[in-house]
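Naming convention: chains lettered A, B, ... in sequence-line order (proteins, then strands); numbering from 1 in each chain.
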Number of protein chains: 2
Amino acid sequence: MARRTQGVSAGLDRGRIAAAAVALIDRDGLEVFGVRRLAQELGVDPMSIYHHVKGKAALLDAVSEAVLAEVAAVPDDDTSPGWEEIARRTAHEYRAMAYRHPRIFPLLVTRAQTSAVAVSALERLVTAMRAAGVPDQAVADAPMVLFGFLNGHLLARTIEEPGAVPAFDAAVYPAMAALTPLMTDFGSTAEFDRMLGTVLDGIRRRAAPDRP
Amino acid sequence: MARRTQGVSAGLDRGRIAAAAVALIDRDGLEVFGVRRLAQELGVDPMSIYHHVKGKAALLDAVSEAVLAEVAAVPDDDTSPGWEEIARRTAHEYRAMAYRHPRIFPLLVTRAQTSAVAVSALERLVTAMRAAGVPDQAVADAPMVLFGFLNGHLLARTIEEPGAVPAFDAAVYPAMAALTPLMTDFGSTAEFDRMLGTVLDGIRRRAAPDRP
DNA sequence: CTTGTCAAACCTACAGTGTAGAAACTACCG
DNA sequence: CGGTAGTTTCTACACTGTAGGTTTGACAAG
């Protein structure tokens with residue numbers, strides 16, 4: 001048992017701890033995740049972690065913050081993309097993150113998101129919408145509607161096993177059963193894009209209220 | 001300490017246990033909820049619960065099932081409401097349930113919903129849409145989009161303390177800060193109705209694809 | 001070189017958890 | 001009366017988060 005000696009630094013800090021925790025949860029899942037396991041993975045005493053993170057709740061905050069930070073960079077490559085394009089790209093980045101960390105995503109959505117990366121993503125979208133002359137109320141609502149949908153939808157996909165198309169009893173639920181052939185792309189990019197498009201349609205409708 | 005004698009029935013069953021658990025979580029919260037507390041509330045030994053429910057996970061399943069069952073009855077009072085009306089009513093029932101049990105709702109959305117009440121609600125909506133001649137793909141997508149939004153949006157409301165309007169630093173996030181006056185109805189019925197309307201607009205657009 | 005201070009890591013211990021396994025008790029059926 | 005089935009309780013165990021105290025090395029001042 002290779003024990004560390006006391007007092008000598010193990011190079012721990014919030015970032016390294018969070019990164020290790022992310023990897024560990026990705027591998028083994030949230031249910032069995034704990035301070036002791038994480039410490040073992042880091043080759044460190046469990047209590048050492050508590051010198052950098054206040055408690056388990058703060059540890060999970062750090063994890064969700066680290067994962068959310070991955071989605072920060074929506075590239076501003078071309079010239080002022082327009083708000084729909086920004087929304088679409090951000091949504092796809094967000095989705096990619098969720099699929100990269102399916103066992104962490106439930107953690108993300110059950111915590112309030114006030115971190116800098118989250119807010120700055122909203123700021124970018126909202127700025128573009130105002131620049132396009134969208135009415136203020138529609139602008140204010142748009143990110144809430146969009147991320148409401150994203151969180152709920154992606155949560156449903158990350159909970160289930162991948163490729164789990166539900167089966168409905170045709171005798172009791174004939175309509176649902178009849179539609180199951182159209183749900184076989186459950187979890188696919190195409191399905192996501194279609195539903196995202198539906199939500200964006202709704203937002204666009206409110207963005208230009210002088211259309212029928 | 002009034003102990004029960006062994007062997008004599010305490011009238012336990014899955015339903016009573018679930019109901020007590022719901023009340024307990026509503027009162028004290030999910031974090032401190034446990035088998036021992038629940039047993040004490042029921043005046044029963046902790047292990048007695050395990051004879052009716054397989055484990056803690058199954059117990060939480062029962063809780064979420066019980067809460068979801070509250071939303072079962074969307075009244076069919078008037079004559080064939082039309083799918084938009086059905087969707088709107090179901091959404092409001094669902095929201096009311098979420099606000100009745102804010103500490104349980106996070107549990108609901110992190111579990112796959114295959115229970116009878118959940119599916120039959122979908123069946124009703126989907127049947128109405130087909131009867132209205134909506135294209136099949138739009139029908140199949142509609143409940144996923146709707147409940148995706150509902151779960152995500154309501155989750156965000158139930159996590160936060162009620163009436164918590166976020167404050168943004170105007171120097172860093174000018175657009176978000178400028179819009180905060182329009183977010184003061186955070187969590188209100190009016191806000192919900194507006195955003196629900198946005199999503200339904202999107203669904204309606206896909207339901208009638210021959211409009212521009 | 002000595003001494004003091006500080007931060008980082010470790011060790012110990014404790015209350016609390018979910019739950020496996022067995023024992024105790026009642027009720028019913030023959 | 002005896003057996004059997006069904007509930008409830010008892011006991012015990014491995015495990016959790018974490019409070020409190022101890023050890024160690026690094027660095028600066030005297």
Side-chain angles (χ1 to χ4, degrees), chain A residues 1-25 27-65 103-104 106-107 110-111, chain B residues 1-25 27-65 103-104 106-107 110-111:
Chain A
M1 181 73 81
R3 288 213 177 147
R4 296 195 36 73
T5 51
Q6 290 185 195
V8 56
S9 170
L12 284 184
D13 61 7
R14 211 180 123 101
R16 266 176 50 83
I17 291 172
V22 167
L24 192 56
I25 300 177
R27 175 148 61 78
D28 297 346
L30 249 183
E31 308 76 36
V32 302
F33 174 77
V35 189
R36 284 174 162 92
R37 268 176 204 257
L38 176 59
Q40 187 176 358
E41 205 74 7
L42 284 163
V44 140
D45 185 273
M47 294 310 288
S48 298
I49 292 172
Y50 280 60
H51 261 260
H52 302 268
V53 179
K54 298 189 118 178
K56 201 192 184 185
L59 180 56
L60 296 178
D61 283 347
V63 166
S64 98
E65 182 188 317
R103 324 182 87 156
I104 298 184
L107 207 79
T110 47
R111 262 140 225 275
Chain B
M1 181 73 78
R3 288 215 179 145
R4 298 193 35 71
T5 51
Q6 288 186 196
V8 55
S9 170
L12 285 183
D13 61 8
R14 210 181 124 100
R16 265 175 51 84
I17 290 173
V22 167
L24 191 56
I25 300 178
R27 175 148 62 79
D28 297 346
L30 249 184
E31 307 77 35
V32 302
F33 174 76
V35 190
R36 283 172 163 92
R37 268 177 205 254
L38 176 58
Q40 188 176 357
E41 205 75 6
L42 284 164
V44 140
D45 184 273
M47 292 312 288
S48 300
I49 292 172
Y50 279 57
H51 263 260
H52 302 267
V53 179
K54 298 188 114 179
K56 200 191 185 185
L59 180 56
L60 296 179
D61 283 346
V63 166
S64 97
E65 183 187 317
R103 322 180 88 156
I104 297 183
L107 207 77
T110 47
R111 262 139 227 273

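- Of the candidate nucleotides C/dA9, D/dT8, C/dA20, C/dA20 has the atom lying nearest to any side-chain atom of B/Met47.
- A/Asp45 places its CG atom 14 Å from the C1' atom of D/dA19, with the value rounded to the nearest Å.
- Atom NE2 in B/His51 sits about 13 Å away from atom P in C/dA22, given to the nearest Å.
- Heavy-atom nearest nucleotides on DNA chain C were determined for A/Ser48 and for A/Arg36, and the one closer to the 5' end corresponds to A/Ser48.
- In terms of heavy-atom proximity, B/Tyr50 sits nearest to B/Gly55 at CE2-CA, 4.0 Å.
- Pairs of residues two or more places apart, or lying in two chains, that qualify as salt bridge (Lys or Arg N to Asp or Glu O under 4.0 Å) and include a residue from residues 38-61 of chain A are A/Arg27-A/Glu41, A/Asp61-A/Arg111.
- Among C/dT17, D/dT8, D/dT18, the nucleotide with an atom closest to any side-chain atom of A/Tyr50 is D/dT18.
- Per the geometry, CG belonging to B/Leu42 stands 16 Å off P belonging to D/dT7, to the nearest Å.
- Residues from residues 53-61 of chain A with heavy atoms under 4.0 angstrom of DNA chain D, sorted by number: A/Gly55, A/Lys56.
- Atom CG of A/Leu107 is separated from atom CG of A/Leu60 by 5.0 Å, given to the nearest 0.5 angstrom.
- For the side chain to side chain contact (heavy atoms under 4.5 Å, CB included) with A/Val44, the qualifying choice from A/Ile17, A/Leu12, A/Leu38 is A/Leu12, the only one to do so.
- Rounding to the nearest 0.5 Å gives a distance of 7.0 Å between CG of B/Asp13 and NE2 of B/His52.
- Residues satisfying the side chain to side chain contact (heavy atoms under 4.5 Å, CB included) test with A/Arg36, not counting sequence neighbours, are A/Pro46.
- At least one side-chain nitrogen or oxygen of B/His52 sits closer than 4.0 Å to the OP1 or OP2 atom of D/dT8.
- D/dG17 atom C1' lies 15 Å from atom CZ of A/Arg37, rounded to whole Å.
- Distance B/Ile49 CD1 to C/dG18 P: 10 Å, rounded to the nearest Å.
- Following rounding to the nearest Å, A/Leu30 (CG) and D/dG17 (P) show an atom-to-atom distance of 12 Å.
- For A/Asp28, the side chain to side chain contact (heavy atoms under 4.5 Å, CB included) test picks out A/Leu24, A/Val32, A/Arg37, with sequence neighbours left out.
- The CG-C1' distance, from B/Leu38 to C/dG18, rounds to 13 Å in whole Å.
- A straight line from CD of B/Gln40 to P of C/dT17 spans 10 Å, rounded to a whole angstrom.
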